[in-house]
Colleague: 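After the structure tokens below, expect a handful of questions from me.
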Amino acid sequence: MPQTGYIYVPAPSGKHLEIGLDAGLWGWRTSALDRADSRQIIRNLVQGDFLVFGHRGPNSRVAPGGWADAALQRVIVAQITRPLFEATNYVWPGDTYPERIGFDVLSEEENVTGPSLGADAMEALRLSANKQGTAVVFQGSGTLVNLAAEPLSTQDGSGLGDVSHDGDTSAVAQVLVRREQQKLRRALIGARATLTCAFCGRTLPSRLIRAAHIKRRSEASRQERLNLNNVLPACLMGCDELFEHGYIYVGADGTVAASPHSSATSDLRRIADGIAGRTVSDFAHRADFFRWHRERTAGISA
């Protein structure tokens, strides 16, 4: 069963939080982990376990359960990629924070209320706030299910599907990533009923358009994942999959081209050639991402 570590980051440490999120790292002073069993608690977290960062909450010097109905301005959910280790290079200003943990950000939320995150999670974050930001660890990921299932807004339907299998870290992570993708889709497509595919130029109902990453999410930095220049509308009539697997790409001049991979079958090549030659809009803002896709996915070095 996965574990979830809860870490509270106070308001004055907001800059440190941003640096840590971009670097995929969080660190503590040795003196902070020398207290009680704080170091061993964090050492028990392994690759694949979850972290929940809470930021800018109310006064933590309240009775147990006092945060049950409180609100946090930010909540970040991450998955551990590197368990506790030591390093002395400067990542944050002012100190090395040498005892560190590596992670991949899965989801970022704003204005999260206690009922959304769950009373146990809010209590864990309150305790962390009173322990110099060291982690408070619970078994399982049930509180993340509560957060993942929350609708993004009253217009966004009823959440992102079933995440009831608490022992499956990949299932919870996938749902949280889908939540991130839903936010990008909302930013790209909004409430429009129709949208034009960037590749084939067909105007289709928006339900047939995907907000597709140009540079794969798995290889993009946090900032690149959230950059709308790394997202474009790709239709589900074929263009999304053709681009995803590198059968088509966008050349240095901004036009769609068929890659050598599309010659796997004659029918595939015919489909790819049928899209080739179109110019992608807003190419200049996306040129660096298209170059990454061209070289790493389509295998075109020029």
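Quick note: residue numbers are just sequence positions, from 1. If you're wondering where the values come from, they're calculated on a predicted model, not measured in any experiment. Computed from heavy atoms alone, side chains included, the values below leave out hydrogens, waters and symmetry copies.
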Colleague: Consider only side-chain N and O atoms of E224 and N230, and report whether a donor and an acceptor are under 3.5 Å apart.
Modeller: no
Colleague: If you count the non-hydrogen atoms of other residues, nucleotides and ligands that lie under 6.0 Å from CZ in R217, is the total more than 12?
Modeller: yes
Colleague: Check whether more than 12 heavy atoms from other residues, nucleotides or ligands sit under 6.0 Å from atom CZ of R210, and answer yes or no.
Modeller: no
Colleague: For the pair D104 and R82, find out whether any cationic side-chain nitrogen is under 4.0 Å from an anionic carboxylate oxygen.
Modeller: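 No, this pair does not count.
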Colleague: State, without any angle test, whether T113 and S116 hold a side-chain donor-acceptor pair at a distance under 3.5 Å.
Modeller: yes
Colleague: Pick one: which of L84, I42, N89 meets side chain to side chain contact (heavy atoms under 4.5 Å, CB included) with R100?
Modeller: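 Option passing the side chain to side chain contact (heavy atoms under 4.5 Å, CB included) with R100: N89.
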Colleague: State whether a side-chain donor-acceptor pair under 3.5 Å links E86 with T88.
Modeller: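 Per modelled atom types, E86 and T88 side chains form no pair under 3.5 Å.
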Colleague: Does a side chain donor of either S263 or R269 reach within less than 3.5 Å of an acceptor in the other side chain?
Modeller: yes
Colleague: Quick check: are there more than 12 heavy atoms from other residues, nucleotides or ligands sitting under 6.0 Å from CD of Q40?
Modeller: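 Counting neighbours around CD of Q40, more than 12 heavy atoms of other residues, nucleotides or ligands fall under 6.0 Å, so yes.
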Colleague: Passes side-chain contact (heavy atoms from CB on, under 4.5 Å), L125 versus L72? Steps please.
Modeller: CA-CA 10 Å; L125 289 168; L72 298 164; 3.6 Å; yes
Colleague: Is there a side-chain contact between R29 and D95 in this structure, where contact means two heavy atoms from C-beta onward sitting under 4.5 Å apart?
Modeller: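 Yes, close enough: below the 4.5 Å cut-off.
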Colleague: Testing I7, V91, I80, L21 one by one against W26 for a side chain to side chain contact (heavy atoms under 4.5 Å, CB included), which residue passes?
Modeller: I7
Colleague: When you check the side-chain N and O atoms of D22 and Q223, is any donor under 3.5 Å from an acceptor?
Modeller: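 The answer is yes; a qualifying pair exists.
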Colleague: Side chains of D253 and T255 only: does a donor on one sit below 3.5 Å from an acceptor on the other?
Modeller: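 A donor-acceptor contact under 3.5 Å links the two side chains.
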Colleague: Check the orientation of F53 and F103. Use parallel for under 30°, tilted for 30 to 60°, and perpendicular for over 60°.
Modeller: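 Tilted, since the angle between the ring planes falls between 30° and 60°.
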Colleague: Decide whether E99 and T30 meet the rule of one side-chain donor and one side-chain acceptor closer than 3.5 Å.
Modeller: yes
Colleague: Suppose we screen for side chain to side chain donor-acceptor pair (under 3.5 Å). Which residues come up paired with D69, at least two apart in sequence or across chains?
Modeller: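 D69 satisfies side chain to side chain donor-acceptor pair (under 3.5 Å) with no residue once adjacent residues are dropped.
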Colleague: Is any NZ, NE, NH1 or NH2 atom of the basic residue among E18 and R74 found under 4.0 Å from an Asp or Glu carboxylate oxygen of the other?
Modeller: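 Counted as a salt bridge, because a side-chain N and a carboxylate O are separated by less than 4.0 Å.
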